[in-house]
Amino acid sequence: MPEGPSIIILKEKLKPFKGKKVLDANGYAKGFDAGMLIGKTLKDIKTWGKHTLLVFPKFAVRVHMMLFGSYYINSSPKKNASLHMQFANGEVNFSISSIKLIEEPLDDVYDWPADIMSKKWDTQKAITKLKAKPKMMICDALLDQKIFSGSGNIIKNESLFRARLHPESIIGQIPEKKLEDLIQEVLNFSQDFLKWRKINQLTRHLEAHEKNFCPRDNIALHKTDTGKTKRHSYYCEKCQELID
DNA sequence: TAAGTTGTTCGGGG
DNA sequence: CCCCCGAACAACTT
């Protein structure tokens, strides 16, 4: 479930619980005592990339669904819930999620302009962060949450395909204009991801991720683990330029 | 049935 | 002290 656009959808689905009191709470997530939520009122729901932030009066709870996690609203996971919250008007469950208490002000903890789903996104800041890592492969940068918060493997592969850039390109060698183009593709694709995910049509619209053939050249796509992150990259050697 | 998956953190070794 | 790497974690689908 967990790339940025999916978290925006989750935020919408949590709206009915805004302003509601937690009647019961439990869960097996380690390092977090769900019982502390009982009797507290959920004031707001914020997001930062893949983080879902349940805002209570004096603290916030950070939910991160990692790689396999998911959520169940007014239904239950087949197995255990990392966090279960019961409200008068329904229940919220997270499975395989990291749950963490945040007691500091959120503005001190989060770099909002780094969130690819946020109106506060700042392209210039992203460019500056990229330039600070000239030897990094661009595929790794696209998974770096400090630079592209909310981006995951799907957004990485699709944005690189759209920008016609090879995943193993070295940041310091890529012209700034090309970096700007890539960032624009990240933003565009993330909005498309959100739109398609809402109507359950994401997979059919993907052009590179988990595909066998390049839709532009109709030749086989490479499927290789790339970069330090060693995640699957799908790319076309013909139309995605390697800049190194 | 076994493998694959939209991810991150931790600790050890060099 | 920094970087690199593997392990660990968990549920569900095909």
Side-chain angles (χ1 to χ4, degrees), chain A residues 1-11 13 26-32 34 47-53 61-73 75-84 92-102 109-111 114-117 132-137 139-162 167 185-212 223-235:
Chain A
M1 300 296 308
E3 291 194 37
S6 299
I7 303 305
I8 298 295
I9 293 171
L10 168 58
K11 180 183 173 180
K13 292 184 176 176
N26 53 62
Y28 72 89
K30 48 186 172 203
F32 181 74
T47 64
W48 181 80
K50 299 164 187 169
H51 296 204
T52 303
L53 301 164
V61 176
R62 188 203 81 173
V63 178
H64 193 306
M65 287 180 280
M66 310 306 286
L67 185 55
F68 313 137
S70 49
Y71 59 82
Y72 301 81
I73 294 174
S75 65
S76 303
K78 290 178 182 140
K79 282 198 164 184
N80 306 318
S82 305
L83 175 61
H84 159 83
V92 176
N93 300 283
F94 297 100
S95 70
I96 330 187
S97 299
S98 156
I99 312 289
K100 190 182 158 198
L101 179 66
I102 301 178
V109 178
Y110 287 106
D111 176 16
D115 178 2
I116 60 172
M117 301 309 293
K133 298 182 183 283
K135 291 185 288 184
M136 187 185 248
M137 283 185 183
C139 60
D140 288 331
L142 285 164
L143 295 174
D144 185 334
Q145 302 301 298
K146 291 186 182 130
I147 307 177
F148 294 103
S149 173
S151 173
N153 213 27
I154 297 175
I155 293 174
K156 177 195 83 177
N157 283 324
E158 294 294 312
S159 303
L160 286 169
F161 179 79
R162 288 182 171 197
E185 296 298 359
V186 169
L187 301 179
N188 290 348
F189 175 72
S190 298
Q191 292 305 316
D192 285 342
F193 185 135
L194 174 60
K195 180 180 70 186
W196 291 327
R197 195 81 178 83
K198 278 183 180 168
I199 55 175
N200 211 13
Q201 290 188 359
L202 176 66
T203 310
R204 76 178 66 171
H205 282 101
L206 298 181
E207 295 182 286
H209 185 81
E210 292 188 329
K211 299 295 172 187
N212 293 317
K223 177 186 173 183
T224 318
D225 289 354
T226 59
K228 287 199 291 192
T229 45
K230 289 195 171 69
R231 304 288 306 281
H232 290 349
S233 285
Y234 297 81
Y235 60 94

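Each chain gets a letter, A, B and so on, in the order the sequences are listed, and its residues count up from 1. Computed from a prediction, not measured in an experiment: that's the story for all the values here.
- A search for salt bridge (Lys or Arg N to Asp or Glu O under 4.0 Å) contacts involving A:Lys195 returns A:Asp192, not counting sequence neighbours.
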Next item on the list: With pairs defined as Watson-Crick or G-U wobble and both distances under 3.5 angstrom, please note down DNA chain B as a dot-bracket string, | for pairing with another strand.
Entry: .||||.||||||||

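- A:His205 meets the ring-ring contact (aromatic ring centres under 6.0 Å, His included) test with A:Trp196; sequence neighbours excluded.
- Here A:His84 pairs with nothing under the ring-ring contact (aromatic ring centres under 6.0 Å, His included) rule; sequence neighbours left out.
- Atom C1' of B:dT6 sits at a distance of 22 Å from the matching atom of C:dG6, rounded to the whole Å.
- Taking the 5' to 3' direction, DNA chain C first and last meets chain A under 4.0 angstrom from a heavy atom at C:dC4 to C:dT13.
- Tested against A:Phe189 for a side chain to side chain contact (heavy atoms under 4.5 Å, CB included), the candidates A:Asn157, A:Ile155, A:Leu160 yield a single pass: A:Ile155.
- For the pair A:Phe148 CZ and B:dT6 P, the interatomic distance rounds to 19 Å; values are reported in whole Å.
- Two residues, A:Tyr72 and A:Lys230, neighbour DNA chain C, and the one matched to the more 5' nucleotide by heavy-atom proximity is A:Lys230.
- Applying the ring-ring contact (aromatic ring centres under 6.0 Å, His included) criterion to A:Tyr234, with sequence neighbours excluded, gives A:His209.
- Looking at heavy-atom distances under 4.0 Å, A:Pro5 makes no contact with the nucleic acid at all.
- One atom, CG of A:Asn157, and another, C1' of B:dG7, lie 15 Å apart when rounded to the nearest Å.
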Could you pull out the protein-nucleic contacts involving nucleotides 8-14 of chain B (nitrogen or oxygen on both sides, under 3.5 Å)?
| unit_1 | atom_1 | unit_2 | atom_2 | d |
| --- | --- | --- | --- | --- |
| B:dT8 | OP2 | A:Lys50 | NZ | 3.4 |

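- Protein atom NZ of A:Lys156 is 9 Å distant from nucleotide atom P of B:dT6, rounded to whole Å.
- Here B:dG7 presents its C1' atom at 8 Å from CZ of A:Phe68, a figure rounded to the nearest Å.
- A:Ile154 places its CD1 atom 17 Å from the P atom of B:dG4, with the value rounded to the nearest Å.
- Heavy atoms of A:Glu210 sit under 4.0 angstrom from primed sugar atoms or phosphate atoms, though from no base atom.
- When the side chain to side chain contact (heavy atoms under 4.5 Å, CB included) test is applied to A:Tyr72, the partners found at least two apart in sequence or on another chain are A:Ser70, A:Ser75, A:Pro77, A:Asn93, A:Ser95.
- Partners of A:Lys100 by side chain to side chain contact (heavy atoms under 4.5 Å, CB included), not counting sequence neighbours, listed by chain and number: A:Arg62.
- We find that CG of A:Asp225 is positioned 13 Å from C1' of B:dT5, with the value rounded to whole Å.
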For residues 139-151 of chain A, tabulate all N or O donor-acceptor pairs below 3.5 Å that involve a side-chain atom, not counting sequence neighbours.
| unit_1 | atom_1 | unit_2 | atom_2 | d |
| --- | --- | --- | --- | --- |
| A:Asp140 | OD1 | A:Lys228 | N | 3.2 |
| A:Asp140 | OD1 | A:Thr229 | N | 3.0 |
| A:Asp140 | OD1 | A:Thr229 | OG1 | 2.5 |
| A:Asp140 | OD2 | A:Lys228 | N | 2.8 |
| A:Asp144 | OD1 | A:Lys146 | N | 2.9 |
| A:Gln145 | OE1 | A:Gly150 | N | 2.9 |
| A:Gln145 | NE2 | A:Leu143 | O | 3.1 |
| A:Gln145 | NE2 | A:Ser151 | O | 2.9 |
| A:Ser149 | OG | A:Gly49 | N | 3.4 |
| A:Ser151 | OG | A:Leu142 | O | 2.7 |

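- With the nearest nucleotide of DNA chain C identified for both A:Lys228 and A:Tyr28, A:Lys228 has the one nearer the 5' end.
- The side chain to side chain contact (heavy atoms under 4.5 Å, CB included) test with A:Ser98 singles out one residue from A:His51, A:Met66, A:Lys30, and that residue is A:Met66.
- Scored by the ring-ring contact (aromatic ring centres under 6.0 Å, His included) test, A:Phe32 finds no partners at all (sequence neighbours excluded).
- Considering only residues two or more places apart in sequence or on other chains, A:Gln191 meets the side chain to side chain contact (heavy atoms under 4.5 Å, CB included) condition with A:Met117, A:Leu194.
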